[in-house]
Protein chains: 2
Amino acid sequence: MSRAATTDTPARLTKGERTRLAMVETAIDILDEEGPDGLTLQGIGERLGLHRTAVYRHFASRDELLAGAMEYLFSQMYEQMTLPQDPRGRISAIALEMRRMFHRHPGAAAMFVTVGEEWTSSSALERVILQALRDMSVDEKDLATVYQALESYVVGSTLFDFSGAPHHLEMRRRRHAASGDQSLMRTASSTARIDATNEAAFTWGLDALLDAL
Amino acid sequence: MSRAATTDTPARLTKGERTRLAMVETAIDILDEEGPDGLTLQGIGERLGLHRTAVYRHFASRDELLAGAMEYLFSQMYEQMTLPQDPRGRISAIALEMRRMFHRHPGAAAMFVTVGEEWTSSSALERVILQALRDMSVDEKDLATVYQALESYVVGSTLFDFSGAPHHLEMRRRRHAASGDQSLMRTASSTARIDATNEAAFTWGLDALLDAL
DNA sequence: ACCTGAACACCGTTCAAGT
DNA sequence: ACCTGAACACCGTTCAAGT
């Protein structure tokens with residue numbers, strides 16, 4: 001059941017590199033299963049049969065480990081992604097792939113804000129989006145504003161929807177169930193419907209923003 | 001300079017209620033000055049000349065104190081708000097007022113995700129928005145989706161923009177400065193320009209979403 | 001090179017004791 | 001009623017010591 005156990009780790013890695021990778025994957029596993037509060041160096045050590053201070057052989061700090069996990073998820077997403085030809089489709093694909101990645105790893109969403117660094121994979125995607133906006137002939141004086149609106153929407157709403165993981169769906173379900181509103185209460189019949197509504201809302205909003213260009 | 005010191009506290013409150021209120025206001029002060037990491041019960045106690053365990057006289061836990069601070073900010077915002085007649089203007093006003101509140105208290109933005117409860121003030125605003133959407137004759141089958149899209153955009157992008165407070169502007173400025181993109185680097189000339197771009201992006205996105213209705 | 005073990009400062013929280 | 005002080009479990013982090 002542990003994703004870390006099933007991921008094929010290239011045999012050509014040194015022991016240190018293998019341990020480092022295992023720590024990153026274990027961190028993501030814990031994040032998904034228990035949420036950000038459950039992620040401690042103690043817990044990572046236990047799952048790997050190591051002392052909690054062993055992490056410092058491979059990372060300068062807990063934050064560096066989190067940054068490593070973020071970079072791991074983004075580079076994995078970046079490699080698997082195939083971008084369509086038309087600029088609007090390219091932006092949409094990146095946004096949906098990122099959403100899908102955090103949907104698979106909701107516990108990692110809360111991490112995104114914590115990690116302040118810029119990673120190679122995310123800045124590569126940034127360049128693709130900026131190029132696509134120029135291909136759509138967005139005026140250069142509006143470019144920074146439009147780019148920021150898209151980034152804040154895509155990352156922000158995903159962050160918000162998945163915060164509180166792994167109980168985010170149940171939390172929102174209860175809130176809607178208690179709202180007293182007919183339509184909201186109908187979607188609150190199950191977490192599956194909450195999830196479906198969240199995803200439909202995301203794509204609706206994304207299309208609305210792209211339509212406005 | 002401390003907002004807690006200048007806020008007029010009604011004299012009719014009991015000592016316990018005054019202490020409770022002071023703790024909430026001090027928590028918000030610390031959040032704005034030092035960010036979420038700087039907020040400890042120790043720190044609150046020190047500013048009030050109390051022992052750190054005194055908080056438990058007034059709140060069941062640290063999380064309850066955070067929920068109290070959130071409720072404090074929202075109810076304050078709710079009381080001061082004057083809503084326009086037209087439904088679209090009402091939604092827009094609520095969104096912009098909330099943005100303004102978090103712009104004044106960026107450190108509190110990170111708290112929003114932590115606090116999972118529903119407060120009276122926020123559910124009151126929820127009802128206003130749902131009514132406005134119905135006044136705009138949004139189909140009942142789309143209502144939950146549209147509401148969720150608006151909520152996730154408004155809260156999520158605000159959350160994202162202000163996360164990392166109190167250094168959020170400088171962090172984004174550095175990221176844009178290092179992007180290598182002409183337009184992004186131009187906005188990275190100062191944190192004031194970053195701030196202006198963020199706010200312009202928020203209103204642009206909000207209008208795009210409301211236009212799509 | 002990689003990891004352990006002890007130690008440190010700092011958390012949130014509990015509870016008996018003070019006034 | 002309101003607060004203190006000691007105590008507890010648990011953090012992240014440092015560093016000398018082991019192999």
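In this text, all values refer to a predicted model and were calculated from it rather than measured experimentally. Sequence lines set the chain letters: A, B, ... in the order given, protein chains first and strands last, and positions in each chain run from 1.
In this structure, the side chain of B/S152 does not engage the main chain of B/A149 through any donor-acceptor pair within 3.5 Å. For the pair B/T14 (side chain) and B/E17 (backbone), a donor-acceptor distance under 3.5 Å is present. The main-chain N or O of A/S61 is never found under 3.5 Å from a side-chain atom of A/E64 such that the two would form a donor-acceptor pair.
Residue A/A54 has its side chain nearest to C/dT4 when only C/dT4, D/dT4, C/dC2 are considered.
Among A/M98, A/H105, A/R104, the single residue meeting the side chain to side chain contact (heavy atoms under 4.5 Å, CB included) criterion with A/F102 is A/M98. With B/F112 as the partner, the ring-ring contact (aromatic ring centres under 6.0 Å, His included) test is satisfied by one option alone out of B/F162, B/F74, B/F160: B/F74.
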Would B/R99 and B/E199 satisfy salt bridge (charged side-chain N to carboxylate O under 4.0 Å, His left out), going step by step from the backbone distance to the final call? CA-CA 9 Å; B/R99 177 81 179 186; B/E199 299 313 306; 3.0 Å; yes

Run the numbers on A/R175 and B/E151 for salt bridge (charged side-chain N to carboxylate O under 4.0 Å, His left out), then give the verdict. CA-CA 13 Å; A/R175 187 158 64 82; B/E151 178 184 280; 2.7 Å; yes

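What separates CG of B/L48 from P of D/dC3 is a distance of 10 Å, to the nearest Å. In this structure, the CZ atom of A/R18 is 17 Å from the P atom of C/dA1, given to the nearest Å. At whole-Å resolution of the value, CG in A/L50 and C1' in C/dA1 are 14 Å apart. Between A/M23 atom CE and C/dC2 atom P the separation is 11 Å, expressed in whole Å.
Between B/F202 and B/Y153, the ring planes lie parallel to each other; the angle is under 30°, not in the 30° to 60° tilted range.
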Protein-to-nucleotide contact annotation, 5' to 3' order, nucleotides 7-19 of chain C [B base; S sugar-phosphate only; - none; under 4.0 Å, heavy atom]: B---SBBB-----

Pairs counted only when both distances fall under 3.5 Å, Watson-Crick or G-U: show me the 5' to 3' dot-bracket for DNA chain D, [ ] for pseudoknotted crossings and | for other-strand partners. ||.|||||...|||||.||

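Contact check, A/H58 against C/dC3: a side-chain N or O comes under 4.0 Å of OP1 or OP2.
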